[in-house]
Amino acid sequence: MTRPILQIEGLRKVFGGLVAVNDVSFSVAEGELLGLIGPNGSGKTTTMNLISGALPATAGTIRLDGSPITGLTAAAISRAGVARTFQLVRILPGMSAVENVIAGGVYSRAGRWGPEAETRARELLARVGMEGRSDLPLSAMTYIDQKRVELARALAADPRLLLLDEWLAGLNPAELQMAISLIRSIHAEGMTIIMVEHVMDAIRSLCGRCVVMNSGVRIGEGATADVLADPQVMAAYLGED
Amino acid sequence: MTRSVFIQLILLALVVLCFAALPFMTEGFYLTLAVNIALYVALCTAWTLFSGPTHLVSLATAAFFGVGIYATAIGVEYLPFPVVILLGGLAGAVFAAGVGAMTLRLSGVYFVIFTLGLAELARQLVTYFQTKIFGSIGLFVLTDHSEGDLFHYLLALIVVIFVTGWLIGRSRLGFAMRVIGNDELVARHFGIEVARSKIILFVISGAFIAMAGAIMAPRYAYVEPASAFNSTMSFLVVIMALLGGTRRLWGPLVGVVPFTIIADLISAYFPEHINIIIGLGFLLIVYLLKDGVSGILLKALGSNRLTRAQGAKP
Amino acid sequence: MTILVTGILLGGTYALIALGLTLQYGVARIMNLSNGETLVAACFAAWLLFTAGGINPLWGLLIIAPLGFIANGAIYLGLLRPLVRRASSQGMLEVDSILATFGLLFLFQGLMHLAFGGAYFNYQFLAVPFDFLGGSYALNRVTAFFAAVIIALALYLFLYRTRIGTAVRAVAVDPDAARLVAIDVGRIAAFAFALGGAITASGGVLLSTFYTFNASMGAVFVMKALIIVIMGGVGDVRGAAIAALILGVMETLVASLIDPGLTLAATYGLFIVILLFRPQGLFGGAKG
Ligand SMILES: Nc1ncnc2c1ncn2[C@@H]1O[C@H](COP(=O)(O)OP(=O)(O)OP(=O)(O)O)[C@@H](O)[C@H]1O
Ligand SMILES: [Mg+2]
């Protein structure tokens, strides 16, 4: 394993009386594609929110490339090089596709503005399969288009760590194939990715390693095939659903 | 700079020159009305710089305006008028930065409530300190500036406000404000310092409003807290700006001209009814004119070119 | 000591006004800036009943509070519900309701100004001294305080001991969850808004027994009430009551020790402290 780009230690998040993330630790190596899986409500999105700074952690530390980012604002974490997509798609409704993507790069780590930002945004849109449709308004985008734009927006930030929260959810089988190969190619270019996913086929074919959560606790970690064969993990999925 | 922008600039300069000639052609009632209109154009456009993109209803106008008046009242004896105006703007900026830093980091409700009583607070504090420290409640502003001069200063201020607004609309700050207006959470996740951006805009807006106050001070001749910090002005500005529409830089213009005339007439003939008019104005905006008059105009013209050019949320 | 007691007596009435507002804002999610006009209207109504009809304001409560309920209910159903329905987001509703209730504030203020002019009003009700712990207080203030306490307690029992009250609190905490357990959120919101109006009207009646009022003081009172609501934590009945007492004491302190012209400054001072140190309210836990 190469050096870790993300290290999480004893991460904890409490909502009122509910412990949504319970002393979770794991790390992600540079260039790795890590799967974060677990049944509904197990704390995956909350973990992503803690990494991206959407929520403050109750306890624990998160390090990005060695320096702690716990306690930083989401904006500062974005400038440090973390970008994400949202489980419930969040396109900027009053802006065109290309403006959405430009928005990803202006103030984040990329810091791109002007014609250069627009060129880059159009490149990225082409990359995610929106070639020639860069100026679509939200009202003219299908669900998969919106997901594509969100991915392009995250890529526009030139992230060192990309967080994908169920980016594959809700796609039909043909779209799924295309989406999986898109993620694979982005990863192949060296991007470090954490993906939260329920689509097991995608996890199997994309992720070398997985972390499994259940009720806020990390119940498994390791090579994907081993983890998925672990009786405890299988019990968690069967027991909850 | 593209050619069409250049042509637009020349046209604008011509319009401004025409207006600048106004004081030489008229006087008395109409000049006073023209000054009032110019004043509210400046105030509403400055207000819209902040409240348009943030959707936060600021009621701090009267407080900033009063700060500007006091800047002139105190400084004009010692310094040239233009310098005093700039200092007034600086004072307004500092005041706005303080208010913004305290409220704009929290949810918008706190901001509205805080600005709601701000003019009244300033009035109480200034009254207290003036009577305690200087032993008198008012200040004389003795200048030889005519209404015509004030009009020219206001016109210059309006030009500066418009240019600033136009530049903001094309800047990273303006773009950030659009993103914030669309989705604050996304804005924060892509590196935008939401609170800081809002505070910067509030400071710019507050500085311009205070400069308008500094310019208008000579009209008062004798300045006292109750006249300098007049809350009604804050509400008038909100209504006029919203009547005109805040999604374009020129939107407020459309609301100011008719409403100033109506408000002037009413306060001349039925001073008792001004609050009722303000009340009806607000209700009209909420229930009938969601986009302001300028929005309706644009819709009628079937054009959205200007909407896109502007910084506000479409 | 005298100052403390006077402050607490004043705070009792403030508490009612703020309770009315916190019900409207916390449950119906409408920041009702025209709430102060309900207060002023109730002052005038109590004054009319007393001077023209010789009716004791405490009996007047029985007439005016229901009127406040009906009037506020009508405002909610007629003017505000359409805004709630058309709002696509909480932020939009906020802007719309602020503007609409501003309109109502000015409209009612203007109308009352037309009817009563700008003069200050008061009337003599129980204006006799009452001695207590070595200080002397006007009996009307003491009566108003205890009446306020009784009303606030009744409200508390209603909210915490009855089915409807529980539904009201559930909507305040989480409208979506309330909807899931088959609470008719729209009806509860309308009810809470009307009830808030009635409570504020009661506050106005009590205020009028010892306070000189005029047609244009509504805005200042709604400002104070809002600050109390924020200090206590939005929708928190107990918090609002305690915050109101603090504000009452604070104002009385500043007015009697420094300058009566600085009461609003005192209110702001308190507000700023809250904003800087406890924006979630005095008693709210740190929220995520
Ligand atoms: N902001 C919040 N406030 C209170 N509770 C929350 C909040 N966010 C999440 N939770 C709770 O924390 C728990 C974990 O939620 P989380 O969204 O992290 O699960 P998840 O693993 O992403 O589930 P899913 O697969 O359904 O997306 C849930 O019980 C959820 O209700
Ligand atoms: Mg999730």
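First the proteins, then the strands, lettered A, B, ... as listed; each starts at 1.
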- [ ] With a 4.5 angstrom heavy-atom cut-off, could you sort out which part of A:Ala110 is near chain B: side chain, backbone, both or neither?
- [x] neither
Open item on the list: If I compare all heavy atoms of A:Ala75 with all of B:Ile192, which pair ends up nearest, and what's the gap?
Closed with: CB-O, 3.6 Å
Task: Which atoms of A:Thr73 approach chain B - backbone, side chain, both or neither, heavy atom under 4.5 Å - done: side chain
Open item on the list: Is A:Arg153 in contact with chain B via its backbone, its side chain, both, or neither, using a 4.5 Å heavy-atom distance?
Closed with: both
- [ ] Write down the atom of A:Ala83, the atom of B:Phe190, and the distance for their closest heavy-atom approach.
- [x] CB-CE2, 4.4 Å
- [ ] To the nearest 0.5 angstrom, please state how far the CG atom of B:Leu185 sits from the CZ atom of A:Arg90.
- [x] 4.5 Å
TODO: Taking all heavy atoms of B:Phe175 and all of A:Glu99, pick out the closest pair and write down the distance.
DONE: CZ-O, 3.7 Å
TODO: Kindly give the heavy-atom pair with the smallest separation between A:Ser78 and B:Gly191, and that separation in Å.
DONE: OG-N, 3.1 Å
Task: Side-chain heavy atoms of A:Leu92 within contact of B:Arg178, under 4.5 Å - done: no
TODO: Look up atom NE2 in B:His189 and atom CG in A:Asn49, then write down how far apart they are to the nearest 0.5 Å.
DONE: 6.5 Å
Task: Proximity breakdown for B:Ser171 and chain A, heavy-atom pairs closer than 4.5 Å - done: backbone
- [ ] Pick one of side chain, backbone, both or neither for B:Ala176, based on which atoms fall under 4.5 Å of a heavy atom in chain A.
- [x] both
Open item on the list: Using side-chain heavy atoms (C-beta onward) and a distance below 4.5 Å, is A:Tyr107 in contact with B:Val179?
Closed with: no
- [ ] Can you see which heavy atom on B:Glu193 is nearest to which on A:Ala76, and at what distance?
- [x] OE2-N, 4.4 Å
